[in-house]
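Keep in mind that what you see is a predicted model, and the values were worked out from it rather than measured.
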Amino acid sequence: MMMKTNRLRGFALPAVLVASVLILLLILFAYSAVTMDMHRYSLYHDKKQLREDLKSALVLYCADSSLCAIDDSSEVNIFAGHDKVKISAGRWGLYEKVTISNGYPDQYQVLVGRRYECDKRAAFWLCDRNRALSLAGDARIEGLVYMPLNGINYTEVNTRYYTGKQIPEDWLRISSKDLPLVDSVQLEHARTLCRQDEQKLELSSLVRDTVICGSVVRIRKGFRGNLQIFASDSVIVEEEAMLEYPSGIYVDSGERRPYVSLERGSKVNGYIIVTSQNSDSQLRHPSYVQQLGATLNGLLYVDGSCNIEGDIIGAAYVKDCYYYSNGNVYAGTLYDARVVRSDSLAFPIFLKGPYERKMIKKLH
């Protein structure tokens, strides 16, 4: 009779040990992979939360003008338990460059302007010069019209009768003898820029995100780019030249006569501001001339006389306007000009009023 034994052959035990080790390693690898994925997800989530905190701080900054003054910085606590966010604001021409950071390598830098130019929110403002606003040809105004006390005339020029639409009565407001108030700090800042460089400049090649100072500046035909120009004499934008958003033209000639001209087919996206210490009661020295076929998208502010044709999409505030044809001057007249109120672009920081900011673009 044979006896059974429970002994295993010698090669089986090492095989069991190796298999056990392999299984343990597989379990460890699986656990490590899950742990690493969870760690990566946690890092991603934390980084995303930090970015969202920066965006939240920007939203708060745009809505609350008292949060941080220009050329200053402040810290805010967006949410309890989160790190404080630092906001630094500086000037970039008549716009504002804002840097938002929270102590980490990431930061959010954007360009902002005003959501509304001032509390008037006009399509067209004409100061009261003791005469009516006259519309001739195919002139059109869409939006609030701040007009002289004498009202509006729909008139004939060069035997051509008015062909546009009459302005609804609920769009009409009474203006004053002066333009809306300007922010004195911004005015002084702009005047300082105008007097930084007295050289004459001509631009014909691509320019991006630049502030240029000079006395006389000419933008050549075919130019493309975005820049802000501060001049102490005049700016000429030639045919088919385009200043892309966000751009701007500011001319302050002091006691001399300023001049800005948009030639046929040219386009400016941003703002045109012209200030003058001289009156032009005889309407012989226009501060601003816009030819038929030229377009301004944004704010027009002219403390002087204007001869406006073409399109203005945004808001226009002018001291006086006229139309010149065949040796005749038609005072207070818009001829073949189209002025349409629009808030699609951020306005420059220039006029006084409630300051609600609007993001223009992210810088980096």
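Ionic pairing of Arg208 and Glu244 is present here: one or more N-O contacts between side-chain nitrogen and carboxylate oxygen are shorter than 4.0 angstrom. Between Arg91 and Asp71, at least one side-chain nitrogen of the basic residue sits less than 4.0 Å from a carboxylate oxygen of the acidic one, meeting the salt-bridge criterion.
Closest of all the heavy-atom pairs between Leu334 and Ala139 is O-CB, 3.4 Å. The two residues Thr155 and Ser134 make their nearest non-hydrogen contact at CG2-CB, 3.9 Å. The minimum heavy-atom distance between Ala231 and Val217, with the atom names listed, is CB-CG2, 4.4 Å. Residues Lys221 and Glu238 approach most closely at N-OE1, 2.9 Å, considering heavy atoms. Here the closest non-hydrogen pair linking Cys306 and Val318 is SG-CG1, 3.6 Å. Nearest heavy atom pair, residue Arg341 against residue Ala315, reads NH1-CB, 3.4 Å.
Not less than 6.0 angstrom separates the ring centroid of Tyr301 from the ring centroid of Tyr317.
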>> Does Gln186 form a side-chain contact (heavy atoms from CB on, under 4.5 Å) with Leu351? I'd like the steps, not just the answer.
In response: CA-CA 8 Å; Gln186 288 299 109; Leu351 296 175; over 6 Å; no
>> I'd like to know whether Ile249 forms a side-chain contact (heavy atoms from CB on, under 4.5 Å) with Val237, so could you lay out the CA-CA distance, the side-chain angles of the two residues, the decisive distance to 0.1 Å, and finally the verdict.
In response: CA-CA 10 Å; Ile249 296 172; Val237 184; 3.8 Å; yes
> Can you list the steps and then say if Ser344 with Ser342 is a side-chain hydrogen bond (donor to acceptor under 3.5 Å, both in side chains)?
Replying inline: CA-CA 6 Å; Ser344 61; Ser342 174; 3.1 Å; yes
> Does the salt bridge (charged side-chain N to carboxylate O under 4.0 Å, His left out) test come out yes or no for Asp209 and Lys361, once each step is laid out?
Replying inline: CA-CA 11 Å; Asp209 297 329; Lys361 67 176 183 177; 2.6 Å; yes
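Here the side chains of Arg114 and Glu356 are not in contact, with every heavy-atom distance at 4.5 Å or above. Side chains of Met242 and Asn269 form a contact here, defined as non-hydrogen atoms less than 4.5 Å apart. In this structure the side chain of Val302 never reaches within 4.5 angstrom of the side chain of Lys319, judged on heavy atoms. Two residues are said to be in side-chain contact when any heavy atoms from C-beta on lie closer than 4.5 Å; Tyr259 and Ser287 fail this criterion. A 4.5 Å side-chain heavy-atom check between Leu144 and Lys120 finds every atom pair outside the cut-off. Taking the side chain as every heavy atom from C-beta outward, Asn226 and Pro246 approach each other to under 4.5 Å. A heavy-atom distance below 4.5 Å is not found between the side chains of Ile141 and Arg338. Within the 4.5 Å cutoff, side-chain heavy atoms of Tyr108 are placed close to those of Lys362.
For the residue pair Asn158 and Ser325, a side-chain donor N or O sits within less than 3.5 Å of a side-chain acceptor on the partner. Inspection of the Tyr271 and Gln228 side chains reveals an N or O donor paired with an N or O acceptor under 3.5 Å. With 3.5 Å as the limit, one finds a donor-acceptor pair spanning the side chains of Asp280 and Ser305. For the 3.5 Å distance criterion, the side chains of Thr99 and Gln109 qualify, holding a donor opposite an acceptor. With hydrogens and angles left out, the side-chain atoms of Ser232 and Glu198 include a donor and acceptor closer than 3.5 Å. Looking only at atom types and distance, the side chain of Asn150 has no donor-acceptor partner in the side chain of Asn130 under 3.5 Å away.
We find the OH-OH distance between Tyr322 and Tyr330 to be 13.5 Å, quoted to the nearest 0.5 Å. Atom CD1 of residue Ile87 and atom CG of residue Leu58 lie 8.0 Å apart, to the nearest 0.5 angstrom. Expressed to the nearest 0.5 Å, how far OG of Ser261 lies from CD1 of Ile236 amounts to 5.0 Å. Atom CD1 of Ile212 and atom CG of Asp197 lie 10.0 Å apart (nearest 0.5 Å). Atom CG of Asp183 and atom NE2 of His189 lie 11.0 Å apart (nearest 0.5 Å). Considering OG1 of Thr275 and CG of Leu187, their distance stands at 6.5 Å, rounded to 0.5 Å.
Both Leu60 and Leu54 sit in one connected hydrophobic cluster of ILVMFWY residues. Membership requires side-chain heavy atoms under 4.5 Å apart, directly or through other members. Following chains of ILVMFWY side-chain contacts shorter than 4.5 Å, one can reach Val182 starting from Phe230, so the two form part of one hydrophobic cluster. Leu94 is not connected to Val185 by any chain of hydrophobic side-chain contacts under 4.5 Å among Ile, Leu, Val, Met, Phe, Trp and Tyr, and they are in different clusters. Cluster annotation: Leu126 and Leu149 are assigned to the same hydrophobic cluster (Ile/Leu/Val/Met/Phe/Trp/Tyr, side-chain heavy-atom contacts under 4.5 Å, transitive). One hydrophobic cluster, built from ILVMFWY side chains closer than 4.5 Å, holds both Leu283 and Tyr324.
Lys358 NZ: more than 12 foreign heavy atoms inside a 6.0 Å radius. The 12-atom threshold is exceeded at CZ of Arg160, counting heavy atoms of other residues, nucleotides or ligands nearer than 6.0 Å.
Taking the ring axis of Tyr116 as reference, the NZ or CZ atom of Arg121 stays within 45° of it and closer than 6.0 Å to the ring centre.
Asp128 places no side-chain N or O within 3.5 Å of a backbone atom of Ser175 that could act as its donor or acceptor partner. Not a single donor-acceptor pair under 3.5 Å links the side chain of Asn326 to the backbone N or O of Asn328. The main-chain N or O of Glu239 is found under 3.5 Å from a side-chain atom of Glu263 such that the two form a donor-acceptor pair. Under a 3.5 Å cut-off, the side chain of Gln290 and the backbone N or O of Ala294 do form a donor-acceptor pair.
Aromatic ring orientation, Tyr323 versus Tyr335: parallel (interplanar angle below 30°, classes split at 30° and 60°).
Each of Leu243, Val251, Val268 was scored for a side-chain contact (heavy atoms from CB on, under 4.5 Å) with Ile229, with one residue passing: Leu243.
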